[in-house]
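Structure first, commentary second.
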Number of protein chains: 2
Amino acid sequence: MTSPSTTRAARTPGADDRTRTIAEVADEFGVTHRTVRHYEELGLISPERRGTTRVYHRRDRTRLGLILRGKRLGFPLEEIRTIIDLYDAPRGRRSQLEYVLGQIDERREDLEQRRRDLEAALSELTEFERRCRADLERLG
Amino acid sequence: MTSPSTTRAARTPGADDRTRTIAEVADEFGVTHRTVRHYEELGLISPERRGTTRVYHRRDRTRLGLILRGKRLGFPLEEIRTIIDLYDAPRGRRSQLEYVLGQIDERREDLEQRRRDLEAALSELTEFERRCRADLERLG
DNA sequence: CACGTTCTTGACGTTGACGTCAACGTAAAG
DNA sequence: CTTTACGTTGACGTCAACGTCAAGAACGTG
């Protein structure tokens, strides 16, 4: 598993690094161009401009992927922004690194709470299914 | 792990079955009375009425717990309603049971997707922490 | 029984996350 | 060179999930 750093990600052999238009990224991620623009308004992505036209690089697509995963996990966009900004934050000085490490810990706590909730939901679901199957059994 | 059925849950020895006022449940779950009322408006809970006053039983608190966990997992309230209604759905006839089992499968797919997202996020975070610690090392 | 506390039902306000025009530039195609 | 397809910036609309009054009703307490 590799870090999601959006700035200097390791080149994978098969990576498709063509730049994209807004329609292409939107289509690729199954969202509308309005959604992509909205994320830009909130500062979650900042595509290059050629003239006035937006040009999306791999970095932008990486971030978009992180954004959408964050959404699937139920995080608000503002919080998602602080998280992916964290990945790209400068960590040259010790104080910065320590700050980042602190943030990482907070994030981990949050994610692990969610995991507990998720595991609980899944086992209740499994138990409920067991009951239903037992009921079905009784009905012959 | 026990099923979350809100109708005929097993009596646990230490269970506190006092009925509560809206202020008490709200306080107990760390939400406002407005939130509790909102859930009732959407049909997620339906407390008894004594005169005009709401009386909350253990069943209601169970449902409230499920609602809030659903929220922590990022589900919209409408979807949460269909889920907890599923738990209390009649399953006397075979066709009903089969429908319920189908719904259970859909739910499981969804939850497992979330789990994958969550695991991915957690391992990226761990990898990122490793990098930060390495950076810290280099700084002496 | 007056009084403060808690409960009730509206009803309007707010915030987040977009949807949905309108009105306009631009670049390749016929 | 006009058409057609995308692109751009506003600006307003919408829906969910509550927040925030307002204005009573009901209930225990001195």
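Labels below follow one simple rule: chain letters A, B, ... track the order of the sequence lines, proteins then strands, and each chain is numbered from 1.
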Could you pull out all donor-acceptor pairs under 3.5 Å where a side-chain atom in residues 37-47 of chain A meets a protein atom, sequence neighbours excluded?
unit_1, atom_1, unit_2, atom_2, d
A/E40, OE1, A/R54, NE, 2.5
A/E40, OE2, A/R49, NH2, 3.0

(message) Could you check whether B/D135 pairs with B/R131 (Lys NZ or Arg NE/NH1/NH2 to Asp/Glu carboxylate O, under 4.0 Å)?
(response) no
(message) According to side-chain contact (heavy atoms from CB on, under 4.5 Å), who are the partners of A/E24, at least two apart in sequence or on a separate chain?
(response) A/R20, A/T21
(message) Would you say B/R54 places a side-chain N or O within less than 4.0 Å of OP1 or OP2 belonging to C/dT9?
(response) yes
(message) Tell me the interatomic distance from A/R37, atom CZ, to D/dA11, atom P, rounded to whole angstroms.
(response) 12 Å
(message) In whole Å, I'd like the distance from the CZ atom of B/R49 to the P atom of D/dA25.
(response) 16 Å
(request) Rounded off to whole Å, could you give me the CD1-to-C1' distance for the A/I80 and C/dC18 pair? (result) 14 Å
(request) For residues 95-106 of chain A, pull every pair meeting salt bridge (charged side-chain N to carboxylate O under 4.0 Å, His left out), keeping only residues two or more places apart or in separate chains. (result) A/R94-A/E98
(request) Under the side-chain contact (heavy atoms from CB on, under 4.5 Å) rule, collect the residues that match up with A/T53, sequence neighbours excluded. (result) none
(message) Please enumerate all residues that pass side-chain contact (heavy atoms from CB on, under 4.5 Å) together with B/D27, with sequence neighbours excluded.
(response) none
(message) I need a per-nucleotide contact map over nucleotides 13-19 of chain D, read 5' to 3'. Cutoff is protein heavy atoms under 4.0 Å; write B for the base, S for backbone only, - otherwise.
(response) ----BBB
(request) Whole angstrom is fine here: how far is it from NE2 in B/H33 over to P in C/dG10? (result) 14 Å
(request) Check every strand shown and say whether B/R50 touches a base, only sugar-phosphate, or nothing at a heavy-atom separation below 4.0 Å. (result) nothing
(message) Going by the rule side-chain contact (heavy atoms from CB on, under 4.5 Å), which residues pair with B/R72 if we only count those two or more places apart in sequence or in a different chain?
(response) A/Q113, A/D117, B/L68, B/R69
(request) Strictly below 4.0 Å, heavy-atom distances to any atom of DNA chain D: list the hits from residues 18-30 of chain A, or just say none. (result) A/T21, A/I22, A/A23
(request) Using the test side chain to side chain donor-acceptor pair (under 3.5 Å), find all partners of B/R130 that sit at least two apart in sequence or belong to another chain. (result) B/E127
